[in-house]
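Each remark here refers to the structure printed beneath this line.
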Protein chains: 2
Amino acid sequence: MSKQPVGPLTPVGMDDCRVPLVNEPLNADQAERLAPSFKALGDPIRLRLLSLIASHQGGEACVCDLTDGFDVSAPTISHHLKVLREIGLVSSERRGTWVYYRAEQSALDLLSTVLSVPQGVNA
Amino acid sequence: MSKQPVGPLTPVGMDDCRVPLVNEPLNADQAERLAPSFKALGDPIRLRLLSLIASHQGGEACVCDLTDGFDVSAPTISHHLKVLREIGLVSSERRGTWVYYRAEQSALDLLSTVLSVPQGVNA
DNA sequence: TCATTGACTTGATGGATATCTAATTAAGTA
DNA sequence: TACTTAATTAGATATCCATCAAGTCAATGA
């Protein structure tokens, strides 16, 4: 119980991270909360899955729409979706036989902001 | 020679990646070129180093300015700086006794764009 | 030339992780 | 109930990676 399992990105407690990292140095705490999200994006399969989900009609996609076009097994896809879900980059919902994944745009937006380079920084 | 060591982000050949991943699905090739950069950001120490460098006076920082405030050894810092440099997120230059690191803003900007969520996407 | 300081490289190690097969759960249907 | 399909979990394995101690390289100065 001494080390919590890296909570999700969206819910709360990340507001102090919604700042470009070029503006001021991240402190250790902020860095440790942000890094796992970037790590989750650091796998090509997860990046493609997220992009597939986020760009899909209606902002969500069924797992059955995601398994094609990858050279890995279904359990591996499932594993990567779990990583994305646990970090809060996507959410999932079961509807009947199928499970649908939805991209969490606010989480994406936060990470985008962290990496953004505001005009006129460090001329 | 069959598998190149994942080239840097900035130089060239990344222009086709400068698109929000919510706009259309990343293809396998794009994902494999982008993922290593996010992976590089996926470590809290590297995130802090990058932020320290990027936010430092003049847009650059000496290694001697970076080693304090971390709980890891100097070789470990050096290792993380190398990872950031080889992926193209920072560049380095020796001036006399000291080595200075500079953030590559165009690389940061590219990654920020990839994660950005344009208004009105997937209502 | 030798000593000092800054930075990096090397080599080893423990822990994390991507992947698979096999088994399991969940929902629908004959 | 039994069968089928969708998706996940469990367990095993091979690889990757963060870290450190020790050694090396580079620049400066006594």
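Each chain gets a letter, A, B and so on, in the order its sequence line appears, and its residues count up from 1. Predicted model only: the values in this text are computed from it and were never measured.
Between D/dT8, D/dA26, D/dA7, one nucleotide has an atom nearer to the side chain of A/Cys62 than all others, and that is D/dA7. Nearest nucleotide to the B/His80 side chain, out of D/dA18, D/dC17, C/dA7: D/dA18.
In this structure, B/Arg95 forms a cation-pi arrangement with B/Tyr100, its terminal cationic atom sitting closer than 6.0 Å to the ring centre and no more than 45° off the ring axis. A cation-pi arrangement is present between A/Arg48 and A/Phe70 under the rule of less than 6.0 angstrom and at most 45 degrees off the ring axis.
For D/dA18, one of the phosphate oxygens OP1 or OP2 lies less than 4.0 angstrom from a side-chain nitrogen or oxygen of B/Arg46. Between B/Lys39 and D/dC17 there is a side-chain N or O to OP1 or OP2 distance below 4.0 Å. Side-chain nitrogen and oxygen atoms of A/Tyr101 include none within less than 4.0 Å of the OP1 or OP2 phosphate oxygen of D/dA6. Within the 4.0 Å cut-off from OP1 or OP2 of C/dA18, not a single side-chain nitrogen or oxygen of A/Thr76 is found. For A/Tyr100 and D/dA7, the shortest distance from a side-chain N or O to OP1 or OP2 is not below 4.0 Å.
Nearest-nucleotide mapping onto DNA chain C: of B/Ser78 and A/Asp71, the residue sitting toward the 5' end is B/Ser78. Residues A/Trp98 and B/Pro75 each lie close to DNA chain D; by heavy-atom proximity, the contact nearer the 5' end of the strand is made by A/Trp98.
For the pair A/Ser51 (side chain) and B/Leu21 (backbone), a donor-acceptor distance under 3.5 Å is present.
Between B/Arg102 and B/Glu104, none of the side-chain N atoms (NZ, or NE/NH1/NH2) sits under 4.0 Å from a carboxylate O, so this pair counts as no salt bridge.
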